[in-house]
Amino acid sequence: MAPGQGTQQQFRYTQTPSKVLHVRNLPWDSAEEELVALCRPFGKIVNTMCNVGANKNQAFVEFADLNQAISMVSYYASSSEPAQVRGKTVYIQYSNRQEITNNKSTGDVPGNVLLVTIEGVESGDVSIDVIHLVFSAFGFVHKIATFEKAAGFQALIQYTDAETAASARNALDGRSIPRYLLPEHITTCHLRITYSAHTDLSIKFQSHRSRDYTNPFLPVNPSAIEGSVQPLLGPDGVKKETESNVLLASIENMQYAVTIDVLHTVFSTFGTVQKIAIFEKNGGMQALIQYPDVTTASIAKEALEGHCIYDGGYCKLHLTYSRHTDLSVKVHNDRGRDYTVQDTGVLMTSQAPSLPTTTGWQVYPQSTSTYIGNDFTATGQVTVPHGQVTTWNPSLSSGSFASASNMFPSQTFATPVSHYPVSTASTAPAGLLQASQESSQYGLLANAQPAAAPTTQPPYYTT
DNA sequence: AGCACA
């Protein structure tokens, strides 16, 4: 055999596809979140390994499915823009291994602490109290710590001994948390349970993400109250969201009913809406809107964030990216729709509307664009409704919630816009107006509005 | 700028 030529592989870096990708030339100090943000649009990431190599500037990403890894490699192979992390070009190839193996989690050495992965949910969907309830059935739960990693929402559950942990694992591994303990839009929520190498968790605060049931005097972390989710922090300390094709919308000041049809009309302006689910959360209303791709979702998010569906600051939209990528909407009712199936023919008429020519409506910029939006943005997930302002962490709230009413404060953070030229508004406001005009014609909004609705005044969108 | 973990 000639030297340097193996029989197994002609060339060392001629890769066969793998669901594990090797990423190199990363910034030295790049975080796992940046890697995840880059790769997530292409599929579900189940594991990562960062700070690899002598320079700590390589990483591995493992997708759930081979095709997802292939789609990412193919995309950047033919893209005019190289893959980048914080402006630095990174190089992506198939790894020469088929899976990431961490030595961290042994997984099968029995211990008193369980590592639980809760599949198909994001952290806001399953409260620590629900987790506590489920796992208390097998014995006294000492401590719980929850966190979000690339693999998803995870929890460490500490029992007294390995026997109790084993009974809980045997009973619950692969099972689902009962539906009645979950938000309505969650249909599957399977538990994957392994043993953790930990024996005693160090819980610093009682919070929405960690509990120590052996120490009732442990202080409550004011910045980790129920309902607020710590945002991912970017390298500059600024909140950084992981993009998704699914948007989480919360609707503030909902004086008028906002139905799925209304949402479908509004969000269809930016592309095909695949699925919508609406549900109650903390007394407010939220909706998940699924687009086919991240790009469409981000355009819709940018265009709609902070806008009101109706005049007077009513039904103000706040949008974040959901961690969901594919909603399991199995119903066609007032809580959920799947527009990708045509069995009922419901609303298949509202495809992406044609470009507006002249609308006849006007866009009225509102001087108070972000009176509450800043607070939402600062806390990541939009989960805090009105009326719970006393539990809010003051350090996160730049303004007083006492002013969060129709009495808009005169000072604003945003630059006041005196007028929107129609030309520059063609992507967002004009499209919105077109959408609202259509919905008026089709009467979609008429049924949704109470008698007191401003019928003489067509709905319009303000910033 | 080119592959960890045992």
Side-chain angles (χ1 to χ4, degrees), chain A residues 1-111 113-117 119 147-152 154 156 162 169 173 192-199 232 234-235 242:
Chain A
M1 177 191 323
Q5 288 188 335
T7 50
Q8 302 299 318
Q9 44 191 29
Q10 226 175 0
F11 179 64
R12 187 179 171 190
Y13 299 112
T14 299
Q15 270 103 26
T16 52
S18 164
K19 58 181 162 45
V20 182
L21 299 182
H22 176 238
V23 183
R24 64 182 194 272
N25 203 37
L26 286 157
W28 305 298
D29 53 344
S30 74
E32 185 200 28
E33 284 75 19
E34 297 176 281
L35 184 70
V36 169
L38 177 71
C39 303
R40 214 183 95 92
F42 300 92
K44 180 178 171 58
I45 298 162
V46 296
N47 205 353
T48 65
M49 180 179 283
C50 299
N51 301 316
V52 170
N55 296 329
K56 306 290 182 197
N57 59 355
Q58 301 169 43
F60 296 97
V61 176
E62 181 177 339
F63 283 100
D65 189 77
L66 177 63
N67 289 328
Q68 296 168 347
I70 292 174
S71 75
M72 181 163 186
V73 170
S74 318
Y75 177 84
Y76 284 112
S78 61
S79 169
S80 56
E81 295 290 317
Q84 290 186 328
V85 168
R86 236 182 298 151
K88 195 170 182 221
T89 297
V90 299
Y91 301 89
I92 299 165
Q93 288 177 297
Y94 299 114
S95 171
N96 51 27
R97 300 191 195 182
Q98 292 299 309
E99 61 183 19
I100 293 175
T101 50
N102 306 44
N103 59 342
K104 304 170 201 164
S105 57
T106 54
D108 50 0
V109 176
V113 178
L114 297 176
L115 172 63
V116 180
T117 303
E119 299 178 336
F147 45 92
E148 290 208 65
K149 292 287 251 203
Q154 296 189 309
L156 290 163
R169 182 187 172 174
D173 188 23
R192 300 294 169 200
I193 305 178
T194 60
Y195 293 107
S196 165
H198 291 95
T199 56
L232 295 175
T242 304

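The sequence lines fix the lettering, A, B, ..., with proteins before strands; numbering per chain opens at 1.
Whole-Å rounding puts the Gln84(A) CD to dA1(B) P distance at 14 Å. One can place NE2 of His22(A) at 9 Å from C1' of dA1(B), the figure rounded to the nearest angstrom. If you take CZ of Phe60(A) and C1' of dA4(B), they are 5 Å apart, rounded to a whole angstrom. Rounded to whole angstrom, the span from the CG atom of Asn57(A) across to the C1' atom of dG2(B) amounts to 11 Å. Across the protein-nucleic acid pair, Lys56(A) atom NZ and dC3(B) atom C1' stand 13 Å apart, rounded to whole Å. Rounding to whole angstrom units, CG of residue Leu26(A) and P of dC3(B) are separated by 14 Å. Separating the CD atom of Gln93(A) from the P atom of dC3(B) is a distance of 10 Å, rounded to the nearest angstrom. Residue Met49(A) contributes atom CE, which lies 9 Å from atom P of dA6(B) at whole-angstrom precision.
By the 4.5 Å heavy-atom criterion applied to side chains, Ile45(A) and Phe63(A) are counted as neighbours.
Side chain of Arg192(A) to backbone of Thr117(A): no donor-acceptor contact under 3.5 angstrom is found. The backbone N or O of Thr89(A) sits less than 3.5 Å from a side-chain atom of Asn25(A), completing a donor-acceptor pair.
Glu99(A) comes within 4.0 angstrom of a base, heavy atoms only.
Across the interface with DNA chain B, nearest-nucleotide mapping of Val52(A) and Lys88(A) shows Lys88(A) to be the residue nearer the 5′ end. Summary of the strand contacts: Arg24(A) and Val20(A) both lie near DNA chain B, and taking for each the nucleotide with the nearest heavy atom, the more 5' one is attributed to Arg24(A).
Listed nucleotides dC3(B), dA1(B), dA4(B) differ in distance to Gln58(A); the shortest reach to its side chain belongs to dC3(B).
Under the salt bridge (charged side-chain N to carboxylate O under 4.0 Å, His left out) criterion, Lys19(A) pairs with Glu62(A), sequence neighbours left out.
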